[in-house]
Structure formats: structure tokens, C-alpha cells
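Written below as C-alpha cells is the structure these notes are about.
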Amino acid sequence: MRVRFAPSPTGQVHVGNARTALFNWLFARQQGGTFILRIEDTDLERSEARYEAQLMEDIQWLGLDWDEGPDKGGPYPPYRQSDKGQVYLDHAERLIREGKAYPCFCSQQELERQREEAQAAQQPQIYPGTCRNIPPEEAVRRRQAGESCAIRLKIPERPIRFHDIVRGWVEFSNEVVSDLIIIRSSGVAVYNYVVVVDDAEMKITHVIRGDDHLSNTPKQVALYEALDWPVPEFAHLSTILGPDRERLSKRHGATSLANFREMGVLPEALMNYMALLGWAPTGGEREVFSPTELVQEFDLTRVTPSPAVFDFEKLYWLNRHYIKESAPERVAALAEPILLRALELSEPTSEISAWLAHITAALVHSVNKLDELPERAASVLHFYPVAAIGATENQEILAAETSQTVLAAVTAKLEAEAEPLEAAHFKAILKEVQKETGIKGPALFHPVRIALTGQQSGPEFDRLVPLMEEGARLTLSKSVPAVRERLAAFMTILQTR
RNA sequence: GGCGCUAUCGUCUAGGGGUUAGGACGUGAGAUUCUCAAUCUUAAAACCCGGGUUCGAUUCCCGGUAGCGCUACCA
């Protein structure tokens, strides 16, 4: 059992393609087959070498590995199309000799005209077979005379049917499949022919790909048959759509693997989510599958044929799940560059790294994806007392008499405290203030929270206080005030107002 | 235009000739919390339409509609 993922290196790997790669990989891994990476760089204008490297990096990040590919070779090289050369021409000449293909001398302008005519008459646009009946000797003579020609395959005069694992039997009338060009007059082979040759030479047994290739399949089947090669099994995966039910694309925001990685989506979360797009286990009740479990449970025959809308919310739900499951060190390592960027730091000291790890550990449970961390940590990282005092939503709380009492009491008690302040100690102070003033609950906590963070909501003080104290001891591009400093500054501004 | 594919809660899906049509995300409500998040409990929410077949169709068949794809000397 051999399957392949054959992307063209024309940019970042998109989720649609990644899902195709994933299904191929899952199928291979679970059947004990071979997963092959082949670079389809026929379109040299759009292909770039750097994209090829990025492509491999991206799918490795997702957690896929391949057994044969351009980087590691294998028994059926080359694994990069542009390295292939002559083969396509040789097989095409063989087809001509066997009477299964023929040179076509029609000019492109002529073909274009015919197509326009057919379109205007609302007729199917198929090649009328003008050159199909040119006697072979005459064709040979004209070619030798240097007349420019393309090579066309003869499509048999019978319906073409093939089996698809996700859709069952599919049949196309030969009346709608025209004799296709396999070699351009420039001598360059055409995609639909190239894939067949490549897949056959690599002994691919199962072609798992996007359903945009479904209508191409009869042509390819005709090619396999003409070349006397075994027709592989097909599995056409449905399209992934955006919320507007149009094909998912960059228009819909972050849709490439690189995007997801930058956002701080864990690869196993994305893998799990993509697997659920078109596949469900028997019973359909389980949703959470680690990569290993997916390999065990995945079943190609249970893949649904209908298109699926990509739901970021559900992906985030899985991401939250996997973030919580992950070792804190791993999450901290992934979050560090994101936080460093927000702090405008490049080279962290080990103290800063430790602090960032603490921030991450304290806040990560409330985040969909890691890039939300800086925003979530803003109450620690920044301190804008003037803005906090001026903010309309804070007026009511700050104006309350109880708030004035609480803030004055807390500030006074903090004055007497040694630095650094322990979280437990801060809590004890609040407790004392509560006892002495009789103010408790929201009336106690809210003004203090606003004084420290400028906001009415955020992490609990037990988490917040140590992060502020730790940050205050570090040398940063923009310093983080300690708890006492914050309260003192806040009070000063509040009183002078 | 032709051809092909698809159609169950808003979304991903399970199911299948007779079911209270199941689960998950999201949403609403409640509990908890100083607040947000998390968590727990709970609620609302679906078989595209029309014909057949059948005692009975959401399920099988046909047609319609809609969405998507292919229709190239693009990949």
C-alpha cells in the first residue's frame, strides 16, 4: 500500500492541502503502508525552491513524516517533478506507436475559436477530433517536416467508470471527455498526464486527494488504461469551506500551517481538528484524539463526501484542551517568543525567561491560542493609572466612599511592608482591611484591582501579585512596577485630581 | 451551457425503513468566583423541496432547488 502527497511549492501550505496530507499519512500509518512526498513543481513559474523547504518544515511541524521524498530519496526517484526529464515523452511516443495517441496539428487559435463557438452555442466544449483520423504515415511525414504539433490521447468510445472510496462508483459518459492533450507543442507534458506517469512509476496504490480532481479522474483513468498500467484506488476528499460557504482561502484569515503555528495553535490540536473535518469514529461521540490515537482509529472508508465549514471556535476548543494537557515547559517555550515580541526584547536573561514562564503558566488556561497571552498579560506588563482613573467604566467604583476607605487602608499598610511582597502577605493585608473596615466582597476587591491593573477583571490576586513583584525586579525595556509602587502612584493621582 | 459531486441543529458530525434523531463546538440560563476565564449543571436548536416504493420514509429511487468543482497546449 503506497500513498503520496504531491503539493506544488507555490506558497505556504494551506489547511486544505494539509488535510489531504494528513489523511494520506493517517491511512499509510495505520495500514502499515508507505507515505511518499513528491514535489509537483511542473509549474516552474510559480514554484520556488524556498517554498519547498518551507513546505517540508510545515508538514513536519504538523507531525507528519514521510518514507520517501526529495530529501531522503527512495526506490522510485526522482521525487521532484522538474528532475524527471524525458520519461513523459517516451511514454507518449509509445502511445502513438500503439495507436492510442496521435499528433494534433490544430493551431491554438483554431482551437480557441472552436471553443468560443461551442460556448456561444451552449454546447459541450469538446475537441471535435479533427486530427484523430489523419493516417499515421501522413502524421509522421508532417512531424518530420517540422510541423508543430501537440500529442493527444484517444479517449475510448465508452463510458469511463472508476471506484472512489469515499463516493462509491462514479461514471462519466465518453461524450463529455474529449481527447486531451498530453504533450504540448512546446514538448512539455501536461499535468493530468504527468500525475498518472508519476503515480504509476512510484507504484502508488491509493490516490487520496481533493475533490477538485474528481472531474479530471476519467481522463487519468483513460491514461492508465492506454498505458496498460493498473488503475489505482481513488479517494476524493471534500472541500473545506469558509464561514461564507466559499472555498476556504486567505480571505478568511489565517489558513496556512505557518499562520496557525505563529498564532500559537498546537500541532496536535490542528491535526485533531482537521481529522474531524470529514471523518468521525464509529458512534461519532468521541472528539479528542491524540496523533497516535488517530493513527489507530482513522478509517478512510468512513470519510464523508460532503464539504465542511472550517470552525475556528472548535479548533480553539481543542487547542485549549491540548494546551492544558501539555507539559508547562513546552507551553512556556512556545509562548516565550510571543511574549518577547510584545515586550520588545530579543535576548532574554534566564530570569526573564523564568518570569515569562510564570506568566504563561498563570494565564494560559484562559487563552484560545498562545498569541492571546500578551493581551491577557497586559495588566501585569503595563500600568496606566491616569487612564484607569479617567476611564468612564471605573467612575462608579472609584467614586464610592468604601473604595476610598479601602484604597487608603491598603496603601497605608503596604507602606510598612518590606519588598518583595509575598502573595500570601498581600492577601493577609486585604483580610485585615476587611476586618478593620467591615468592607468585603466586590466593594473590597474591585477598587484594589482597578488600582493595580486599571481593569475590573483579570486573573486572581494570588497569581497577579507574584508576577508583578517578580517583574519589578527585572531589567526590562519598559519597567514593570511593583504592587506598592502601583498603589502609591494610583493614590497620588487619585488625590490630586 | 454541459458534466460531476454534495445536502441531518448556526457549525462539525452519529445514525438509519418504525428512534424521545445521539454527541461535540458555539449560544442562553443557573451554580461557583472580587471580576473575567476555566469548571459543573441545564436549556434551546436539525433530517432542503416535490414525487414515487412501502403498512410506514429523514433513511431507498426519481426529479427539482441550492452550493461547490471540472469543462485549457493551468496545476
Side-chain angles (χ1 to χ4, degrees), chain A residues 6-8 10 40-43 45-47 81 104 106-108 111-112 115 118-127 148-152 164 166-168 170-173 175-178 180-192 194-195 210-219 236 238-239 241 243 245-247 273 276-288 302 304-318 320 324 363-368 372 376 379 430 440-450 453 455-461:
Chain A
S8 35
T10 51
E40 204 100 15
D41 56 353
T42 327
D43 188 350
E45 310 228 320
R46 284 192 287 169
S47 301
Q81 211 149 63
C104 172
C106 298
S107 72
Q108 289 187 47
L111 293 170
E112 179 67 23
R115 203 176 314 121
Q119 181 135 36
Q122 303 199 323
Q123 293 295 308
Q125 301 167 33
I126 57 166
Y127 177 63
S148 160
C149 70
I151 297 173
R152 279 186 194 270
D164 188 288
V166 333
R167 283 151 220 273
V170 185
E171 186 173 294
F172 287 77
S173 156
E175 281 154 38
V176 294
V177 186
S178 67
L180 70 147
I181 287 180
I182 57 175
I183 305 284
R184 298 182 181 91
S185 50
S186 63
V188 177
V190 157
Y191 170 80
N192 275 311
V194 164
V195 237
D211 70 353
D212 45 338
H213 290 284
L214 192 63
S215 303
N216 285 328
T217 310
K219 299 173 192 170
H236 286 96
S238 67
T239 319
L241 308 173
R245 303 218 131 250
E246 290 197 35
R247 197 161 242 239
Y273 180 68
L276 259 21
L277 242 34
W279 171 81
T282 322
E285 308 225 327
R286 184 131 95 98
E287 309 261 1
V288 179
R302 287 184 59 83
T304 40
S306 49
V309 173
F310 193 93
D311 181 3
F312 286 88
E313 290 304 326
K314 190 156 183 174
L315 167 65
Y316 294 155
W317 167 69
L318 280 166
R320 289 197 298 267
K324 282 174 208 151
L363 303 178
V364 80
H365 62 94
S366 65
V367 115
N368 286 322
E372 290 169 15
R376 198 67 201 163
S379 55
L430 290 182
K440 57 179 178 171
L444 172 67
F445 285 91
H446 259 128
V448 179
R449 176 175 291 286
I450 290 174
T453 70
Q455 298 188 329
Q456 295 185 30
S457 64
E460 51 263 52
F461 289 136

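Chain naming here is simple, since letters A, B, ... match the order of the sequence lines and numbering starts at 1 in each. The shown structure was predicted, so the numbers you read here are calculated from the model rather than taken from an experiment.
Contact annotation for A/S366: backbone-only contact, meaning every heavy-atom pair under 4.0 Å involves sugar-phosphate atoms and none involves a base. In this structure, A/Q456 reaches the bases: a heavy-atom distance under 4.0 Å links it to at least one base atom across the strands shown. Among the atoms of the strands shown, only primed sugar atoms or phosphate atoms (P, OP1, OP2) are found under 4.0 Å from some heavy atom of A/S306. Within 4.0 Å (heavy atoms only), A/L111 reaches at least one base atom of the nucleic acid. Residue contacts shown for A/G210 are absent, as no nucleic acid heavy atom lies under 4.0 Å away. Here A/E460 lies in heavy-atom contact (under 4.0 Å) with a base. Nucleic acid contact class of A/L277 (heavy atoms, under 4.0 Å, all strands): sugar-phosphate only. Base engagement by A/C106 is indicated by at least one non-hydrogen atom pair under 4.0 Å involving a base atom. A/N216 comes within 4.0 angstrom of a base, heavy atoms only. Residue contacts shown for A/R286 are absent, as no nucleic acid heavy atom lies under 4.0 Å away. A/F461 comes within 4.0 angstrom of a nucleotide base, judged by non-hydrogen atoms across all strands.
Checking the phosphate oxygens (OP1, OP2) of B/rA72, no side-chain nitrogen or oxygen of A/R152 falls inside 4.0 Å. Look at A/T304 and you'll find a side-chain N or O under 4.0 angstrom from OP1 or OP2 of B/rU13. One finds no side-chain N or O of A/R245 lying less than 4.0 angstrom from the OP1 or OP2 phosphate oxygen of B/rA7. Side-chain N/O atoms of A/Q108 include none lying less than 4.0 angstrom from OP1 or OP2 on B/rA72. A sub-4.0 Å separation between OP1 or OP2 of B/rG26 and a side-chain N or O of A/R320 is present.
The separation between A/L318 atom CG and B/rU13 atom P is 14 Å, rounded to whole Å. One can place OH of A/Y127 at 24 Å from P of B/rC70, the figure rounded to the nearest angstrom. Between the P atom of B/rG69 and the CG atom of A/L241 lies a distance of 9 Å, rounded to the nearest Å. Atom CG in A/D211 sits about 14 Å away from atom C1' in B/rA7, given to the nearest Å. As rounded to whole Å, 17 Å separates atom P of B/rC5 from atom NE2 of A/H213. Taking atom CZ of A/F172 as the reference point, atom C1' of B/rC3 lies 7 Å away to the nearest angstrom. B/rU33 atom C1' lies 12 Å from atom NE2 of A/H365, rounded to whole Å. In this structure, CD of A/Q125 is placed 12 Å from C1' of B/rC3, rounded to the nearest angstrom.
Taken to the nearest 0.5 Å, the CG atom of A/N216 stands 8.0 Å off from the NE2 atom of A/H236. Rounding to the nearest 0.5 angstrom, the gap separating the NZ atom in A/K219 from the OG atom in A/S178 is 7.0 Å. For the atom pair A/I183 CD1 and A/C104 SG, the distance stands at 13.5 Å (nearest 0.5 Å).
Here the nucleotide nearest the side chain of A/D212, chosen from B/rA14, B/rC73, B/rC70, is B/rC70. Candidate nucleotides B/rG4, B/rC3, B/rG22 were compared by shortest atom distance to the side chain of A/V170, and B/rG4 ranks first. Nearest nucleotide to the A/K314 side chain, out of B/rC3, B/rG23, B/rA14: B/rG23. Side-chain atoms of A/A308 lie closest to B/rC12 of the nucleotides B/rA14, B/rC12, B/rU6. When distances are taken from the side chain of A/D311 to each of B/rC25, B/rC12, B/rA75, the shortest belongs to B/rC25. Nearest nucleotide to the side chain of A/P305, out of B/rC73, B/rU6, B/rC12: B/rU6. Checking B/rG69, B/rU35, B/rG23 against the side-chain heavy atoms of A/H446 singles out B/rU35 as nearest. In this structure, the nucleotide among B/rC5, B/rU39, B/rG23 sitting nearest to the side chain of A/K324 is B/rU39. Of the candidate nucleotides B/rU6, B/rC36, B/rC5, B/rC5 has the atom nearest to the side chain of A/L214.
With A/T304 contributing its side chain and A/G278 its backbone, the two residues share a donor-acceptor pair below 3.5 Å. Checked by atom type and distance alone, the side chain of A/R376 never pairs as donor or acceptor with a backbone atom of A/V364 at under 3.5 Å.
Heavy-atom distances to RNA chain B give each of A/A443 and A/G283 a nearest nucleotide, and the one nearer the 5′ end belongs to A/G283. If A/C149 and A/F445 are placed on RNA chain B by their nearest nucleotide, the residue sitting closer to the 5' end is A/F445.
Spacing between B/rG22 and B/rC9 at atom P, rounded to whole Å, works out to 14 Å. One C1' atom belongs to B/rA7, the other to B/rC12, and the distance between them is 15 Å to the nearest Å. Between the P atoms of B/rU53 and B/rA45, the separation comes to 34 Å (whole Å). Separating the C1' atom of B/rC3 from that of B/rA46 is a span of 32 Å, rounded to the nearest Å. B/rU27 and B/rU65 have their P atoms separated by 38 Å, with the value rounded to a whole Å. Taking atom P on both B/rA21 and B/rA44, the two are 13 Å apart, rounded to the nearest angstrom. Using atom P as the reference point in both B/rG63 and B/rG2, the two lie 14 Å apart (nearest Å).
At a cut-off of 3.5 angstrom, counting only N and O atoms as typed in the model, there is a donor on one side and an acceptor on the other between the side-chain of A/S185 and the base of B/rC73. A donor-acceptor contact under 3.5 Å is not formed by the side chain of A/R449 with the base of B/rC36. Judged by distance alone, with hydrogens and angles left aside, A/S215 brings a side-chain donor or acceptor within reach of the base of B/rG69, the pair sitting under 3.5 Å. At a cut-off of 3.5 angstrom, counting only N and O atoms as typed in the model, there is a donor on one side and an acceptor on the other between the side-chain of A/E287 and the base of B/rG23.
Nucleotide B/rG1 forms a Watson-Crick or G-U wobble pair with B/rU71, both donor-acceptor distances falling under 3.5 Å. Across all strands shown, B/rG63 pairs with B/rC49; the Watson-Crick or G-U wobble distances both stay below 3.5 Å. B/rG10 and B/rC25 make up a base pair, with Watson-Crick or G-U wobble contacts both under 3.5 Å. For B/rC55, the paired nucleotide is B/rG18, the pair qualifying as Watson-Crick or G-U wobble because both relevant distances are below 3.5 Å. Remark: B/rG30 base-pairs with B/rC40; criterion is Watson-Crick or G-U wobble with both hydrogen-bond distances under 3.5 Å.
One side chain, A/D211 or A/T239, offers a donor N or O that lies under 3.5 Å from an acceptor on the other.
Using the six-membered ring where Trp is involved, A/F310 and A/Y273 have ring planes that are perpendicular, over 60° apart on the 30 and 60° scheme.
A/V190 has its side chain out of reach of A/I182: every pair of non-hydrogen atoms, C-beta onward, lies at least 4.5 Å apart.
Ring-to-base geometry does not place A/W317 in a stacked arrangement with B/rC25 (centre distance under 5.5 Å, plane angle under 30° required).
In terms of heavy-atom proximity, A/W317 sits nearest to A/E287 at CH2-CB, 4.1 Å. Looking at every heavy atom in both residues, A/L214 comes nearest to A/D164 through CD1-OD2, 4.0 Å.
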